[in-house]
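Protein chains get the first letters and strands the later ones, always in sequence-line order, with residue 1 at the start of each. The analysis underlying the following values was restricted to heavy atoms, covering all of them including side chains, and did not include hydrogens, waters or symmetry mates.
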Amino acid sequence: MSRSRASLLIIAFFFIALLSTTARAQSSDRAALEDEIRGLIDELKAAEQLFLAPSAMDRQKYAVFLSQPDTGIIRLLPREVFQDLVTIEGGGAYYSFARLTHEYGLGSDLELQQNQFSVGFAGADFGFLTRLGKVAIEDVTLDHPGARFLSTFNAPTVEAAARDQYRQAAAGFDANGFTYKSRLPLKKKKNSYLLRSVVYGVSDLLVAFRVVTRDEDGSVVIVWKILKSFPVPQLAAAHIAPGAH
Amino acid sequence: MPHSSFFRSLLVISLIFDLSLGVCGQVQDRSDLRSKIESLRASIQAKEKILLAPSAEDLSSFAEFLRQPGTGMARLMPRETYDGRLLLRGGGAYYSFTDQSNEYGSGSDIELQQNQFSVGFAGADFGFVTSLGNVEIEGISEESAGVRFLAGFSTPSAESDAREQQRRAGSGFEVDGFTYRSNLSATVSSTYALRSIIYSVSDVLVVFKVTRQDTDGSLVFAWKILKKFPVPELAPAVYPNLKLRGQL
């Protein structure tokens, strides 16, 4: 009797030991799998950074320009092609000249989608784009006639007025012989553009950029320079008059 | 003179050739890089599928249950740990019983976060979850205590009513001794009933049992769809006092 009880105890002990070994093996397998995934995601992100980077040739060509302050060279990927391929939020189609990042969601200034540049993406944010034609980026300054309207425009602080500017920019309008819109088609030739981007609570910038390369995958490389930084715009709290319905 | 012009032409040709080689090289590099990105993504997705799958032991212990239609077994990762750490949107913390997918999107019915289950994630979508206690999932039906209210609930079609249900579920309420909420503590061995209403996507009544918790905080559960309701739609808002310009 006591012998059979002892045998039962031994069997139970081995069974529990076997179960705990299996559980330990399972959790160490999962930890190893997680490490493997994390390593591959790091590798993927590094490959994406290379994919987003302008070529050495482009950098070299603009080396002198890029040695000036507030300038840069970036690549934009067409949103409709790469949005689901790269892990970066926005698929590498957006850029913030204030924060120097492609990551969408924290105040982007420019987007490339369906062969168009656009500005103004969230809330009451808005902006204007105008094409200057085949002008060297070095020659685009605040004195350029196309920059006059953009450099003197006052960002509204009332939401209704900001929404009105958004609508006006979507429809497009002319000032001093230049057309300003929130969305402009990307021309094949190496055109320069001016951009005023108003992102409430984040930044308000006047930027000049030029398309220097267009790759076969639809991506474009642009060189840019910030012509003017305005004070960070804020929207005033909505005021409702007493008794208003 | 013709000699020097010959050399100049030769120089121009070689320069063009060099440039075109450089461009070709760049295009090749970019297409190689794109292929590398695509292959890395595929490999990560395959490994994440394995990470999210219940173990063979989990599946075999519910083999008989899983032979029934409308049943399954899945894993939820804790969102606070895994969101942003996996390629999968939502970090494996969501599950859609209709799509049978952990990918966060328009069809997600349940989320695991901070050791709580929750339902209703976007727009006017809402849901109720209740704990049935430590009971076997096999015996639960639409008529079971705690499930009856969920089975008989009529989905509102007016947005204001849906928002009202959202608020009601947020604070929680009791019916026949059961508490219904949009979020509840997740407990191993407990069985839960869930009604998840996603406008224009799905409306399902599901019962699920948490079978175990892994060392990484993930929960494995067996589930069964008790009822699929017609896909709910929100009626366009009606403003009785608003007149169109022509009617003024």
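Only the backbone of A:Asp84 comes within less than 4.5 Å of a heavy atom of chain B; no side-chain atom from C-beta onward does. There is no contact between B:Ser39 and chain A, counting heavy-atom distances below 4.5 Å. Contact annotation for B:Lys36: only side-chain heavy atoms (C-beta onward) come within less than 4.5 Å of a heavy atom of chain A.
Between the CG atom in B:Leu88 and the CD1 atom in A:Ile37 there is a gap of 10.0 Å [rounded to 0.5 Å]. Between the CD1 atom in B:Ile44 and the CG atom in A:Leu44 there is a gap of 4.5 Å [rounded to 0.5 Å].
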Would you mind writing out the side-chain donor-acceptor pairs for residues 87-94 of chain A within the sub-3.5 Å range, not counting sequence neighbours?
residue	atom	partner	partner atom	Å
A:Thr87	OG1	A:Glu48	OE1	2.7
A:Thr87	OG1	A:Glu48	OE2	3.2
A:Tyr94	OH	A:Arg79	NH1	3.1
A:Tyr94	OH	A:Glu111	OE2	2.7

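The side-chain heavy atoms of A:Glu34 and B:Leu86, taken from C-beta on, include no pair separated by under 4.5 Å.
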Trace of the salt bridge (Lys or Arg N to Asp or Glu O under 4.0 Å) decision for A:Arg30 with B:Asp216 | CA-CA 8 Å; A:Arg30 288 184 63 74; B:Asp216 55 14; 2.9 Å; yes
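Other residues, nucleotides and ligands place more than 12 heavy atoms under 6.0 Å from the CD atom of B:Gln68. In the displayed structure, B:Phe65 atom CZ is contacted under 6.0 Å by more than 12 heavy atoms of other residues, nucleotides or ligands. Within 6.0 Å of CD on B:Glu233 lie more than 12 heavy atoms contributed by other residues, nucleotides or ligands.
Here the shortest heavy-atom pairing between A:Ile41 and B:Leu87 reads CD1-N, 3.8 Å.
By the ring pair (Phe, Tyr, Trp, His ring centres under 6.0 Å) test, A:Phe51 pairs with A:Phe82, sequence neighbours left out.
The pair B:Arg30-A:Asp217 meets the salt-bridge criterion, with a side-chain N (NZ, NE, NH1 or NH2) lying under 4.0 Å from an Asp/Glu carboxylate O.
Of the listed residues (A:Leu85, A:Leu33, A:Leu40), the greatest number of heavy-atom pairs within a distance under 4.5 Å of chain B belongs to A:Leu85.
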